[in-house]
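Since the structure comes first, as structure tokens, the remarks are kept for the end.
All values below come from the heavy atoms of this structure, side chains included, with hydrogens, waters and symmetry mates left out. Just so you know, ligand 1 is whichever comes first in the structure, and atom 1 is the first atom listed for that ligand.
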Amino acid sequence: MNATDRTVRTVLLGITGGIAAYKAVELASLLTKSGLAVDVVMTANACRFVTPRLLREVTGRPVYHDMWQDIGSWHTEHIGLAKRAKLVMVAPATANVIAKAAHGVADDLLSTVLLATGAPVIFAPAMNTNMYNHPATQENLRILAGRGCRIIPPDSGRLACGDSGVGRLPAPECLAAEICRLIADGEATAGVLAGRRVLVTAGGTREPIDPVRFIGNRSSGKMGVAIAECCRTQGAEVVLIAGRGVEVRPGCCHRTVVVETAAEMRDAVLANLAMTDAVVMAAAVADYRPVAVCRQKIKKQAGEITLTLIKNPDILEEISRWPAGRPVVVGFAAETENVLENGMDKLRRKNLDMIVINDVSQPGCGFDSDENQVVICRADGTAITLSRRAKILIAKEVIKHLAHIVAARQKEAGNG
Ligand code: CTP
């Protein structure tokens, strides 16, 4: 098997210096047995845990660990490796390689290949729990996820350092299965939303009053993030527009735009609307904003003060009235009374394809909680009541109906 053999699908396995490097040997073996050509690139520290010779025996191919290694046929090996890879997985991915990749540092062969490749990149982090949970590592993972890298979260359990917690590299079989699935189907062809582009909003907007205060709401963005994650799992290209403070899980979408106010959210939605098949407005958008934002902090006064508010644009209504070729539009309704009636009224008034109505007066449901109970109403009159359950399960149901409507729309347009 050589580098110019185009009938063989090549994956690049980057191994970095963590104790879990031993599991990467098994992973390389499983991938090789499944018929893939595996180019292994090891960092210097990875070579302290497992030897290039072992990986060479397992894959039957040269193993790369040094920028200046003389392997005979290639002059610019990092470019050759980067180009022929159909997919790249870094497993285990240490906090160091994650930080380097997030910030474009290219000081060894693996980090250079990561900059040079155009192939999908998957990181499988494995490290001590505190290192994984450190804001720097989480921020770096968010940066990578925001660029479209896929992150396979570590498992929990007993770690090599003796601690127990999150940080274990998932079993090689799971990592191999993920690679084989992506290679076989092609990321863009798997799932009920394969090849579709979906825009999701999440969280609450903040309308500034003065430099230190704002009008906000209780939305955590968990429902929107769950929707984004499900769309991505179902093969869609996902853009997430999130209010400030929303915890955007690494890998839940391809791109994240963080916004503060309703006006910023509207601008971000409109800027990303082209070629979008569906918009899911799970965000809690402020209906009003202060007429004027004070430039200085408002000082305490003896009597009452009055804040005058003006109406914000209704983003959902604006998209659903989009003149030609508008995307499928899904709204959310947060209600505290006459829940179904008010929700249905919003569906009609805002000209939506579907609305997810939730009763936010129920304790433990809706705003800032992990569970929800909703009624999904479609413009064709279908109404499905979902009893209380985890938001990710609600999201799965919503996506099932969304995919159905998107497919029907494409069929109507004659290009499904
Ligand atoms: N929405 C929007 N733009 C706004 C207000 C709301 O796009 N300025 C969207 C929300 O993202 C949600 C839907 O409209 O998908 C319904 O939001 P909700 O707050 O329940 O309803 P409102 O239209 O604001 O009406 P009301 O507050 O009177 O219930």
Side-chain angles (χ1 to χ4, degrees), residues 198-208 214-228 231 239-246 257-273 276 278-291 309-322 326-362 365-369 372-379 391 394-395 397-399 401-402 405:
V198 182
L199 200 154
V200 182
T201 65
T205 59
R206 295 177 180 181
E207 309 299 325
F214 60 82
I215 300 174
N217 59 63
R218 293 182 191 279
S219 171
S220 60
K222 286 178 182 172
M223 193 65 236
V225 170
I227 294 273
C231 289
V239 177
L240 178 68
I241 297 172
R244 210 164 278 290
V246 171
V257 183
V258 177
V259 296
E260 183 137 347
T261 62
E264 282 176 22
M265 185 167 277
R266 173 186 173 270
D267 291 348
V269 167
L270 297 186
N272 285 281
L273 211 53
T276 292
V279 177
V280 183
M281 284 288 303
V285 187
D287 289 328
Y288 294 92
R289 68 179 185 279
V291 161
L309 306 177
I310 54 166
K311 216 162 179 188
N312 272 331
D314 192 304
I315 308 169
L316 196 54
E317 218 168 327
E318 199 169 339
I319 313 165
S320 68
R321 310 262 175 229
W322 210 246
R326 79 157 169 91
V328 169
V329 184
V330 179
F332 271 68
E335 303 294 343
T336 54
E337 55 179 353
N338 303 329
V339 177
L340 197 57
E341 258 170 67
N342 286 343
M344 290 298 279
D345 180 54
K346 262 176 212 170
L347 173 88
R348 284 187 289 269
R349 219 171 1 99
K350 298 199 183 190
N351 189 29
L352 308 177
D353 295 285
M354 183 162 83
I355 194 157
V356 183
I357 310 169
N358 61 79
D359 181 349
V360 289
S361 66
Q362 296 287 322
C365 265
F367 282 146
D368 203 16
S369 86
N372 220 353
Q373 79 187 39
V374 304
V375 183
I376 299 174
C377 297
R378 287 167 51 166
K391 284 186 172 171
I394 301 270
E397 284 299 311
V398 171
I399 296 319
H401 291 278
L402 174 68
I405 300 170

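Among residues at least two apart or in separate chains, salt bridge (Lys or Arg N to Asp or Glu O under 4.0 Å) pairs with a member in residues 346-358 are D314-K350, R326-D353, E335-K346, D345-R349, D353-R409.
One finds no salt bridge joining E260 and R206 here, because no Lys/Arg side-chain nitrogen approaches an Asp/Glu carboxylate oxygen to under 4.0 Å.
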| request: Could you give me the CA-CA distance, side-chain angles and deciding distance for I319 and V269, then say whether side chain to side chain contact (heavy atoms under 4.5 Å, CB included) is met? | output: CA-CA 9 Å; I319 313 165; V269 167; 3.8 Å; yes
| query | Yes or no on side chain to side chain contact (heavy atoms under 4.5 Å, CB included) for V329 and W322, after CA distance, side-chain angles and deciding distance? | reply | CA-CA 10 Å; V329 184; W322 210 246; over 6 Å; no
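Atom-to-atom distance recorded for M281:CE and T201:OG1 is 4.0 Å, nearest 0.5 angstrom. Considering CG of L347 and CZ of R378, their distance stands at 11.5 Å, rounded to 0.5 Å.
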Do any nitrogen or oxygen atoms of ligand 1 lie under 3.5 Å from a protein nitrogen or oxygen, and which ones?
unit_1: ligand 1; atom_1: 3 (N); unit_2: I315; atom_2: N; d: 3.1
unit_1: ligand 1; atom_1: 7 (O); unit_2: I315; atom_2: N; d: 3.4
unit_1: ligand 1; atom_1: 7 (O); unit_2: L316; atom_2: N; d: 2.8
unit_1: ligand 1; atom_1: 8 (N); unit_2: P313; atom_2: O; d: 2.9
unit_1: ligand 1; atom_1: 11 (O); unit_2: M281; atom_2: O; d: 3.4
unit_1: ligand 1; atom_1: 11 (O); unit_2: A283; atom_2: O; d: 2.7
unit_1: ligand 1; atom_1: 14 (O); unit_2: K350; atom_2: NZ; d: 2.9
unit_1: ligand 1; atom_1: 15 (O); unit_2: M281; atom_2: O; d: 2.7
unit_1: ligand 1; atom_1: 15 (O); unit_2: F332; atom_2: N; d: 2.8
unit_1: ligand 1; atom_1: 15 (O); unit_2: F332; atom_2: O; d: 3.2
unit_1: ligand 1; atom_1: 20 (O); unit_2: A334; atom_2: N; d: 3.1
unit_1: ligand 1; atom_1: 20 (O); unit_2: K346; atom_2: NZ; d: 2.7
unit_1: ligand 1; atom_1: 21 (O); unit_2: K346; atom_2: NZ; d: 2.8
unit_1: ligand 1; atom_1: 23 (O); unit_2: K350; atom_2: NZ; d: 2.5
unit_1: ligand 1; atom_1: 24 (O); unit_2: D287; atom_2: OD1; d: 2.9
unit_1: ligand 1; atom_1: 24 (O); unit_2: D287; atom_2: OD2; d: 3.0
unit_1: ligand 1; atom_1: 27 (O); unit_2: D287; atom_2: OD2; d: 3.0
unit_1: ligand 1; atom_1: 29 (O); unit_2: K346; atom_2: NZ; d: 2.8

